[in-house]
Amino acid sequence: MRSAAANGARVAVLYTSVFEAIRDVKEEIREDMDLAVNARSVAEALRSAGHDAWTHPFGKDAAELIAGLRSPGTDVVFNLSECPNLSPEKELHACALLELLHLPYTGNGPLALGVCNSKALAKQLMIANGIPTPRFRLYTGDPAGEPGLSYPLVVKPANEDGSAGITEDSVVADLAGLRRQVNCLRAGFRQDALVEEFVDGREFNVGVLGNGTAADPHRSLPPAELVYRNPRWRLCTYESKWDSTHPSYAEIAPVCPALAPPETTARLSEITLACARIFGLAGYARVDFRMNAEGELFVLEVNPNPDISPDAGMARAARAAGLPYPDLILEILRLGLALGAR
């Protein structure tokens with residue numbers, strides 16, 4: 001393969017259509033969330049730097065997809081595939097397929113994506129490695145009794161992202177509320193419920209770039225804070241992320257860099273880099289935190305391949321680090337090429 005990074009690569013920007021996967025929400029929200037929009041932004045940034053880039057949907061026919069990737073002489077795939085076959089749990093299969101095709105691709109590999117998609121498994125890995133995370137339980141059915149955790153609790157789907165299934169009702173204060181939310185998620189999402197102690201304090205997130213190699217070590221970006229302007233809202237919910245008509249949308253605002261003392265910023269970076277090492281992250285990722293009243297930080301989730309649309313948090317943090325959006329996209333491409341076919 002020619003030196004794609006130096007001479008211009010033929011880049012397939014592979015995406016799954018979230019628009020097709022989330023038919024149960026308003027059409028305008030589906031359009032805002034659709035990865036086709038993100039894919040076009042990425043392709044434009046790559047073309048502006050001299051790469052031959054085009055968008056390529058991840059369709060339902062794997063044989064057709066393989067032929068479509070091979071026929072134009074693809075050098076590298078910019079992987080934006082989140083829900084092959086309309087299933088977020090199959091996100092890891094997209095890059096696994098690319099590995100079988102010996103195609104270099106951007107972002108994280110199957111293991112990191114699979115582990116982080118399972119919130120309970122990810123938290124168990126954090127606990128085993130001394131990463132602070134709220135105490136939790138995984139429910140596969142109706143809670144039979146008290147969970148042995150301290151209320152209030154947060155009830156989340158065990159295998160979703162984008163805050164799907166999270167509303168203000170997700171914070172519960174007693175067993176009745178816990179049973180209500182667990183059964184609601186099992187009925188609506190047909191999956192287990194992750195229940196964790198609610199950390200009622202400041203909320204931060206930290207982006208990370210790098211492959212964890214000697215040539216490309218992990219490096220954290222400036223931390224961001226989600227500022228809750230109205231005490232009515234306690235969570236970053238699905239509506240506050242995606243529905244501009246919802247009152248919480250304008251009341252929860254990101255600030256980057258976060259207005260935090262140096263010791264907090266240093267601790268956020270320290271834990272983020274530890275997570276990147278433990279989970280074997282590659283390319284780009286984001287780690288989400290909450291801080292309690294005593295100033296202790298807790299990791300809520302590790303997010304491989306987070307949203308990199310121009311107005312998303314990862315791009316905002318990159319800009320705060322002096323990396324404009326086109327340069328962020330080129331850096332993610334470079335990191336993918338540096339790993340080669342995996």
Side-chain angles (χ1 to χ4, degrees), residues 106-109 111-113 115-116 119 122-134 161 196 199-228 236 252-309 311-325 327-332 334-336 338-339:
T106 61
N108 288 276
L111 182 59
L113 290 169
V115 170
C116 292
K119 291 181 172 61
K123 286 172 73 71
Q124 289 169 343
L125 190 56
M126 291 181 217
I127 292 168
N129 285 275
I131 299 295
T133 189
D161 57 12
E196 67 181 8
V199 180
D200 189 7
R202 299 177 71 181
E203 182 166 340
F204 300 95
N205 61 70
V206 183
V208 59
L209 293 170
N211 292 331
T213 63
D216 289 304
H218 294 124
R219 60 194 189 276
S220 59
L221 296 175
E225 180 176 6
L226 284 183
V227 177
Y228 290 72
C236 184
I252 304 175
V255 174
C256 186
L259 300 176
E263 56 270 23
T264 298
T265 299
R267 180 64 173 152
L268 285 165
S269 177
E270 177 188 10
I271 298 174
T272 295
L273 294 176
C275 287
R277 174 182 55 80
I278 291 163
F279 287 88
L281 301 178
Y284 62 107
R286 190 190 74 238
V287 181
D288 298 341
F289 295 84
R290 279 272 192 159
M291 175 187 279
N292 67 11
E294 288 72 41
E296 297 172 305
L297 290 165
F298 297 86
V299 174
L300 301 182
E301 293 184 13
V302 176
N303 294 281
N305 298 6
D307 185 1
I308 52 168
S309 55
D311 59 350
M314 191 75 188
R316 188 181 303 110
R319 286 194 294 271
L323 202 64
Y325 183 73
D327 292 344
L328 170 65
I329 299 305
L330 291 176
E331 176 63 2
I332 291 172
R334 187 193 69 77
L335 289 167
L339 291 175

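Keep in mind that what you see is a predicted model, and the values were worked out from it rather than measured.
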Worksheet item: Measuring from R267:CZ to M291:CE, what's the distance to the nearest 0.5 Å?
Response: 10.5 Å
Fill in: Heavy-atom side-chain contact between P254 and R316 under 4.5 Å
yes
Discussion item. Holding to side-chain contact (heavy atoms from CB on, under 4.5 Å), I want the full list of residues that pass it with P262, two or more places apart in sequence or in another chain.
Written reply: none
Worksheet item: Run the side chain to side chain donor-acceptor pair (under 3.5 Å) check on D288 and N303 step by step: do they pass?
Response: CA-CA 8 Å; D288 298 341; N303 294 281; 2.9 Å; yes
Item to complete: Please report the shortest heavy-atom distance between P222 and C256, naming the atom on each side.
Response: O-SG, 3.8 Å
Worksheet item: According to the salt bridge (charged side-chain N to carboxylate O under 4.0 Å, His left out) rule, which pairs have a member within residues 206-220, sequence neighbours left out?
Response: D216-R334, R219-E331
Worksheet item: Where do P134 and V199 come nearest, in terms of heavy atoms and distance?
Response: CG-CG2, 3.9 Å
Worksheet entry | Separation of L300 CG from L297 CG (nearest 0.5 Å) | 10.0 Å
Discussion item. Could you check whether any side-chain heavy atom of L226 comes within less than 4.5 Å of a side-chain heavy atom of F204, counting everything from C-beta outward?
Written reply: no
Worksheet item: Who pairs with T264 by side-chain hydrogen bond (donor to acceptor under 3.5 Å, both in side chains), at least two apart in sequence or on another chain?
Response: none
Discussion item. Both conditions, 6.0 Å and 45 degrees, for the charged tip of R202 above the ring of F298: are they met here?
Written reply: no
Worksheet item: Is a side-chain donor-acceptor pair under 3.5 Å present for N108 with N305?
Response: yes
Discussion item. I need the minimum non-hydrogen distance between A285 and P306, along with the two atoms involved.
Written reply: CA-CD, 3.6 Å
Worksheet item: Within a strict 4.5 Å, meaning less than it, do heavy atoms of the H218 and N211 side chains meet?
Response: no
Response to the item:
Smallest heavy-atom separation, M314 atom then V208 atom, equals CE-O, 3.5 Å
Worksheet item: Does one side chain, of S309 or D307, offer a donor that lies under 3.5 Å from an acceptor on the other?
Response: yes
